[in-house]
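Please read the structure below before turning to the comments.
We count ligands from 1, going down the list as the structure has it; atoms in each ligand are counted the same way. Just so it is clear, the values below take in all heavy atoms, side chains as well, and ignore hydrogens, waters and symmetry mates.
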Amino acid sequence: MATKSPSQPTAPKLTPADGDGGASVVLERLTQKVQPPQMYQVVMLNDDYTPMEFVVFVIQEFFNKDRETATQIMLKIHLDGKGICGVYSRDVAATKVDQVMDAAHKAGHPLQCVSEPVE
Ligand code: TYC
């Protein structure tokens with residue numbers, strides 16, 4: 001394993017007392033403004049044909065909810081027309097939408113879900 005030689009040169013440390021003939025440049029300190037990433041909610045839509053049991057299964061399977069929570073979410077969608085299944089980063093939300101739509105299509109159900117930015 002290579003170790004750092006103790007005699008390696010280091011950048012000279014200038015202090016005001018060193019005197020640099022007025023060549024100093026003071027860089028303005030920039031305040032860092034890092035925003036948290038935009039999050040996306042996966043919203044499932046009601047329809048008249050997809051069986052309730054299939055919706056509960058999908059919510060359990062792709063949104064990692066237990067059966068009781070999945071049933072509550074499904075009933076909310078059934079009654080209100082739509083409901084949030086989960087909130088994720090953009091790519092993960094898009095993947096969830098694809099997984100749900102793919103499973104619904106393969107099972108022959110018209111279940112729809114979309115991803116939308118939170119707030
Ligand atoms: N409304 C459907 C029914 O009565 C059930 C359902 C719930 C369908 C939620 C879609 O996202 C949905 N069979």
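Ligand 1 has no N or O atom lying under 3.5 Å from any N or O atom of Asp48, backbone or side chain.
Each of the following atoms of ligand 1 lies closer than 4.0 Å to a heavy atom of Leu45: 10 (C), 11 (O), 12 (C). Close approach to Asp47 involves these atoms of ligand 1, each under 4.0 Å from a residue heavy atom: 1 (N), 2 (C), 8 (C), 10 (C). Proximity to Leu111 (heavy-atom distance under 4.0 Å) selects the following atoms of ligand 1: 10 (C), 11 (O), 12 (C).
Hydrophobic side-chain contacts under 4.5 Å tie Tyr40 to no other Ile, Leu, Val, Met, Phe, Trp or Tyr residue.
Regarding atom 6 (C) of ligand 1, its nearest protein heavy-atom neighbour is Asn46 OD1, 3.4 Å. In terms of protein heavy-atom proximity, atom 13 (N) of ligand 1 is nearest to Thr50 O, 2.9 Å. Atom 9 (C) of ligand 1 has as its closest protein heavy atom Ile77 CG2, 3.6 Å.
A donor-acceptor contact closer than 3.5 angstrom links the side chains of Thr69 and Asp66. A donor and an acceptor atom, one from each side chain of Gln38 and Arg90, are nowhere located under 3.5 Å apart.
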Return all side-chain donor-acceptor pairs below 3.5 angstrom for residues 74-88, not counting sequence neighbours, or 'none' if the list is empty.
residue: Lys76; atom: NZ; partner: Asp80; partner atom: OD2; Å: 2.6

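Using a 4.5 Å heavy-atom cutoff, the side chains of Val97 and Val114 are not in contact.
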